[in-house]
Number of protein chains: 2
Amino acid sequence: MPDNPQNTDRPKGAIRQENERIILSAAEDVFSEEGFRGASVGMIAERAGVPKPNVYYYFGSKEELYKRVLEDICAAWLDSAGEFDDAADPKAALTAYVSAKMDLARARPKGSRVWATEMTRGAEHLSAYLRDAVDPWVKAREATLMRWINAGKMAAVDPRAYIFMIWATTQHYADFEAQITHLNGGKPLSDSDFAAKKASVIAMVLAAAGL
Amino acid sequence: MPDNPQNTDRPKGAIRQENERIILSAAEDVFSEEGFRGASVGMIAERAGVPKPNVYYYFGSKEELYKRVLEDICAAWLDSAGEFDDAADPKAALTAYVSAKMDLARARPKGSRVWATEMTRGAEHLSAYLRDAVDPWVKAREATLMRWINAGKMAAVDPRAYIFMIWATTQHYADFEAQITHLNGGKPLSDSDFAAKKASVIAMVLAAAGL
DNA sequence: AGCAATCCTGACCGATGTGTCACTTTTCTG
DNA sequence: CAGAAAAGTGACACATCGGTCAGGATTGCT
């Protein structure tokens, strides 16, 4: 095996692409359960069905693998964040955003949990992203919410507290999936159960802002 | 040192009580950051300022220590749960409950994060507690909310989704403290900042239920 | 087919983790 | 004060971890 610490500079072949995908998926699983420090590369390799040195072949280190997983999650977060279109009216914009967030929670619960575990460790690996992407996004939406409030289009809420409520409530369905399942007689929410909860969340979030 | 696997059967002395308190507190810190598997007894011992074998002297194993930490957190959870008094009217009862939950999030953020990390691992260590304490509590409060809804005292919401919203929104201030701090210019919320957010959360949760 | 590049993997290394234990020191009690 | 109980702790055994590497196998290209 050639000495090449810059694994990411290698040309992409079909095998590489497939194996990276498999390993990243397994890593997301294991990191979501045990966090960065609690997850072992051995567990990830086993989950992915590859030998452990292969994980190092494709990713230079546990940390590099973790960063790649986080990047992917951040991209998904940004995707849903784009649904908060501030040219629309409050009800339409918030409905779309909460809807997208609920869909993301449903489609990517483990990603959400990786994000959550990184938060509990102080979010060191997310600090640049929070500063460069999340913070500006929050400030822009605060401004939008204030504009709507001042135009009398929605009730006067603390914009930031409102945004936190949206995040918390939607991500709860991913992050606390185990609790929700336990409280649902040990069964995960079915698609129709989830759709009903989604509708309820949208309604409540809108009502919280007088919409 | 005598061979006594039943450490918890020993009479409690002042030194023991103090050292257990210190170790439990340190354990809560470390478990909240790295979760069960990622936390090491060595880290906990260092955080507590005691030699590692002393941690084993007072607690039989890492797992026993973890269970003790969780028990303490569950007791706090039950404390705040008692504030949801179903003899009161909806507004008073919900205000009291959300207030208590916000206070708990503020006073015990690390406990909340231990709870959250145990959730991300599937909540195995909490399954009995969820079944025996949380599930009955949720069912009783669902019934209460339905009674209020049917009496026309509050808007028709999905009771369970509403309870999840309360949990999510209040615990968010603990679980995502790192994010909130990052988004607050790197400074933790001051007491007055937090009080304002608390008031906003209470208002929004009430509004979500038409109160 | 030959060769280069890529991929795979058993064995290995030093570091770190859980837990133990013999022994020492300190505290408590009669 | 003496002895028992409680508390403290350096050293240790074994397991697991992050990461490495030589060499074999497979793939891709001319």
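Heavy atoms only: backbone and side chains are in, while hydrogens, waters and symmetry mates are out. All values reported here derive from a predicted model rather than from experimental measurement.
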| query | So, is B:R16 near the phosphate of D:dA7, with a side-chain N or O under 4.0 Å from OP1 or OP2? | reply | yes

| request: With the side chain of B:K52 defined as its heavy atoms from C-beta on, choose the nearest nucleotide among D:dT27, D:dA7, C:dG19. | output: C:dG19

| message | I want to check one thing: is the phosphate of D:dG8, taken as OP1 and OP2, less than 4.0 Å away from some side-chain N or O of B:Y57? | response | no

| field | Rounded distance (Å) that lies between atom C1' of C:dG19 and atom CD1 of B:I44 | value | 14 Å

| B:W115 and B:Y129 aromatic ring geometry - parallel, tilted or perpendicular at 30°/60° bounds | perpendicular

| task | Grab the CD-P distance between B:E46 and D:dG10 for me, whole Å please. | result | 14 Å

| said: Given C:dT6, C:dG19, C:dG17, identify the nucleotide with an atom nearest to the side chain of A:R37. | reply: C:dG17

| message | Looking at C:dC8, I'd like to know if its phosphate oxygens (OP1 or OP2) sit under 4.0 Å from a side-chain N or O belonging to A:Y58. | response | yes

| Between atom CG in A:L65 and atom P in D:dG19, what is the gap in whole Å? | 10 Å

| message | Classify the ring geometry of B:F164 against A:H172: parallel below 30°, tilted from 30° to 60°, perpendicular beyond 60°. | response | tilted

| CE of B:M165 to CE of B:M204: how many Å apart, nearest 0.5 Å? | 8.5 Å

| query | Where the side chain of A:Y56 is concerned, which of D:dT9, C:dT18, D:dG19 is the nearest nucleotide? | reply | D:dG19

| Quick one: the side chain of B:K62 and the base of C:dG19, do they pair up donor-acceptor inside 3.5 Å? | no

| field | Atom-pair distance (CZ on B:F36; P on C:dG17), nearest Å | value | 14 Å

| Taking atom C1' of C:dT18 as reference, at what distance in whole Å does atom CZ of B:F59 sit? | 16 Å

| Which nucleotide in the set D:dT27, D:dG18, C:dT18 lies at the smallest distance from any side-chain heavy atom of A:I15? | D:dT27

| B:N19 side-chain N/O to D:dG8 phosphate OP1/OP2 under 4.0 Å | yes

| request: Looking only at side-chain atoms of B:P53, point me to the closest of C:dT20, D:dA7, C:dG10. | output: C:dT20

| said: Rounded to whole Å, how long is the line connecting atom CG of B:N54 with atom P of D:dA11? | reply: 16 Å

| request: Measure up the A:Y66 and A:F31 rings against each other and bin them: parallel (under 30°), tilted (30 to 60°), perpendicular (over 60°). | output: perpendicular

| Flag side-chain contact, heavy atom, 4.5 Å: B:K101 against B:W77 | yes

| If you look at every strand shown and take non-hydrogen atoms under 4.0 Å, does A:A39 touch a base, only sugar-phosphate, or nothing? | sugar-phosphate

